[in-house]
Amino acid sequence: MCGRYSLGTELDPVLARFGVEPPAFPWQPRWNIAPGQEVPVVKAADRRVLVAMGWGLTLPWAKPGFHPINLRSETLLAKPAFRELGFNRRCLLPADGFYEWDTDKQPWRFTLPDGELFGLAGVWTQREGRYSCAVLTRPSVGAVAAVHERMPLIVPQQVEEEWLAGTEVEQLLDILRGPAWVPVLERRRVSRRINSARAEGPECALPWEEAMPQDARPPR
DNA sequence: CCAGACGTTGTT
DNA sequence: GTCTGG
DNA sequence: CCAGACGTTGTT
DNA sequence: GTCTGG
């Protein structure tokens with residue numbers, strides 16, 4: 001799945017890459033974005049806008065404590081509770097990396113080859129004036145598959161506009177998971193300091209080997 | 001009809 | 001809200 | 001996702 | 001074990 005990601009860049013590259021105006025909220029490069037936190041999200045309005053959303057959906061009918069951070073892209077449109085979000089409330093979560101833990105609880109970081117920015121597919125809600133969002137997931141492919149069964153759904157730049165504003169959502173979801181768009185991701189094992197959601201800074205992306213010796217004795 | 005669930009992952 | 005199960 | 005807490009009363 | 005917080 002996708003329970004931690006990064007956006008360790010200044011604001012300007014994000015504005016340029018996603019074609020949005022500067023947001024109303026303050027900007028901080030982030031290397032350890034965790035569920036429950038406020039995250040920058042691109043959604044379509046009159047134009048694209050960059051707004052702050054809580055990661056974890058707040059739904060009008062849900063009991064407190066029910067805040068899905070991921071939704072399966074394969075079943076999204078079939079689920080009564082979520083299909084409306086898939087059709088009408090899609091968004092992108094700008095990222096420059098995401099983290100997955102392997103079966104031995106070791107964290108790995110995934111990026112595009114040149115550290116390029118990319119968008120994670122998401123859906124959003126608004127409740128009492130506050131936005132919230134969830135990241136769509138898919139079965140892992142490529143470099144991720146050896147680490148974890150599931151990974152976030154990445155929206156290639158070529159289809160971002162259709163993702164945000166298009167109407168053929170069902171087809172688009174299939175295409176995004178199809179062989180034409182298998183993302184080329186680089187992988188590296190990173191320091192276990194990422195485990196704590198309080199950790200922050202570029203050190204969160206440090207290769208495991210360089211984080212020795214504190215990482216020399218992993219748990220289990 | 002009303003009541004109850006509605007998510008993911010991984011682990012058992 | 002909307003669907004399923006009883 | 002992982003880490004960390006998981007209780008109460010009364011007093012400061 | 002299970003829930004909350006980040």
Side-chain angles (χ1 to χ4, degrees), chain A residues 1-8 25 28-40 52-91 93 95-111 120-128 130 132-141 144-154 173 177 187-201 203-206 208 211 214-215 217-220:
Chain A
M1 69 182 303
C2 179
R4 219 68 78 78
Y5 71 96
S6 66
L7 185 54
F25 54 87
Q28 277 295 116
R30 296 290 312 278
W31 282 268
N32 190 9
I33 298 171
Q37 299 178 346
E38 295 278 307
V39 299
M53 300 192 184
W55 186 11
L57 282 180
T58 53
L59 299 149
W61 43 262
K63 294 178 200 168
F66 182 71
H67 303 298
I69 62 167
N70 295 133
L71 295 173
R72 296 174 81 104
S73 64
E74 308 97 301
T75 54
L76 180 75
L77 299 180
K79 306 239 176 194
F82 298 104
R83 54 181 284 120
E84 200 58 26
L85 301 182
F87 283 118
N88 299 323
R89 302 207 162 188
R90 298 180 304 282
C91 61
L93 287 76
D96 66 1
F98 64 90
Y99 303 93
E100 300 287 355
W101 280 258
D102 65 24
T103 51
D104 293 327
K105 299 279 192 187
Q106 305 309 315
W108 297 73
R109 174 181 166 85
F110 298 88
T111 57
L120 304 179
V123 294
W124 61 275
T125 61
Q126 194 175 23
R127 186 188 190 185
E128 290 160 13
R130 299 183 63 88
S132 68
C133 64
V135 174
L136 304 189
T137 63
R138 58 166 297 172
S140 288
V141 290
V144 192
V147 171
H148 202 87
E149 289 294 309
R150 313 258 329 156
M151 63 179 279
L153 181 64
I154 294 170
L173 276 170
R177 288 190 303 266
R187 158 185 102 182
R188 80 178 182 207
R189 184 173 160 188
V190 293
S191 167
R192 289 189 301 111
R193 74 186 71 200
I194 192 71
N195 286 11
S196 170
R198 295 176 186 274
E200 189 45 270
E203 301 80 14
C204 292
L206 258 189
W208 165 66
Q214 79 175 60
D215 276 64
R217 293 176 184 272
R220 198 150 306 255

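Chain letters run A, B, ... following the sequence lines, proteins first and then strands; every chain starts at 1. When reading the values below, keep in mind they use all heavy atoms of this one structure, side chains included, and skip hydrogens, waters and symmetry mates. Here the structure is a predicted model, which is why all the values come from computation and not from measurement.
Atom-to-atom, CH2 of A/Trp55 to C1' of E/dG6 comes out at 11 Å; the value is rounded to the nearest Å. Protein atom CZ of A/Phe98 is 15 Å distant from nucleotide atom P of D/dC2, rounded to whole Å. In this structure, the NZ atom of A/Lys63 is 12 Å from the P atom of E/dC3, given to the nearest Å. At whole-Å resolution of the value, CZ in A/Arg30 and C1' in D/dC1 are 14 Å apart. The distance between atom CD of A/Gln37 and atom P of E/dT4, rounded to the nearest whole Å, is 18 Å. Distance, A/Phe82 CZ to B/dA5 P: 15 Å, rounded to whole Å. As rounded to whole Å, 13 Å separates atom P of B/dG10 from atom CG of A/Asp104. In this structure, the CZ atom of A/Arg109 is 15 Å from the C1' atom of D/dC1, given to the nearest Å.
Base pairing of D/dC1: its partner is E/dG6, meeting the Watson-Crick or G-U wobble criterion (both donor-acceptor distances under 3.5 Å). With both pairing distances under 3.5 Å, D/dG7 is matched to nothing as a Watson-Crick or G-U wobble pair.
One C1' atom belongs to D/dG7, the other to B/dA3, and the distance between them is 34 Å to the nearest Å. When the P atom is compared between D/dC1 and B/dT8, the two are found 12 Å apart, to the nearest whole Å. Taking atom P on both E/dG6 and B/dC6, the two are 27 Å apart, rounded to the nearest angstrom. A gap of 14 Å separates the P atoms of D/dC2 and B/dT12, to the nearest Å. If you take atom C1' in B/dA5 and the same atom in D/dA5, they sit 29 Å apart, rounded to whole Å.
In the model, A/Arg177 has a side-chain atom that pairs as donor or acceptor with a side-chain atom of A/Ser73 under 3.5 Å. Counted by atom type alone, A/Thr58 and A/Arg127 present zero donor-acceptor pairs between their side chains at under 3.5 Å. Counted by atom type alone, A/Asn88 and A/Glu84 present one or more donor-acceptor pairs between their side chains at under 3.5 Å.
Within the 4.0 angstrom heavy-atom criterion, no nucleotide atom of any strand lies near A/Glu84. Counting any heavy atom pair closer than 4.0 Å across all strands shown, A/Arg150 reaches sugar-phosphate atoms only and no base atom. Contacts of A/Trp61 with the nucleic acid, taken as non-hydrogen atoms under 4.0 Å apart, include base atoms. Here A/Pro60 lies out of heavy-atom contact (under 4.0 Å) with every strand.
For A/Arg198 and E/dG5, the shortest distance from a side-chain N or O to OP1 or OP2 is not below 4.0 Å. Considering only side-chain N and O atoms, A/Asn195 lies under 4.0 angstrom from the phosphate OP1 or OP2 of D/dA3. When the side-chain nitrogen and oxygen atoms of A/Thr137 are compared with OP1 and OP2 of B/dT9, one or more of them lie within a distance under 4.0 Å.
Of the charged side-chain nitrogens involved, none lies within less than 4.0 Å of a carboxylate oxygen, so that A/Arg30 and A/Glu38 do not count as a salt-bridged pair.
For A/Pro68, whose side chain is taken as the heavy atoms from C-beta onward, the closest listed nucleotide among B/dG7, D/dC1, B/dG10 is B/dG7. When each of E/dG6, B/dG7, B/dT9 is scored by its nearest atom to the side-chain atoms of A/Lys79, the top-ranked nucleotide is B/dG7. For A/Arg72, taking side-chain heavy atoms from C-beta onward, the closest of the listed nucleotides D/dA3, B/dT8, D/dC2 is B/dT8. In this structure, of D/dC1, D/dA3, C/dT2, it is C/dT2 that holds the atom nearest to the side chain of A/Pro80.
Put simply, the side chain of A/Arg89 reaches to within 4.5 Å of the side chain of A/Trp124, judged on heavy atoms.
Across every non-hydrogen atom of A/Pro29 and A/Gly8, the tightest pair is CB-C, 3.9 Å.
Atoms CH2 and CZ, from A/Trp31 and A/Arg193 in turn, are 13.0 Å apart once rounded to the nearest 0.5 Å.
Projected onto DNA chain B by closest heavy-atom contact, A/Ala81 and A/Glu149 fall at different nucleotides, the more 5' of which corresponds to A/Ala81.
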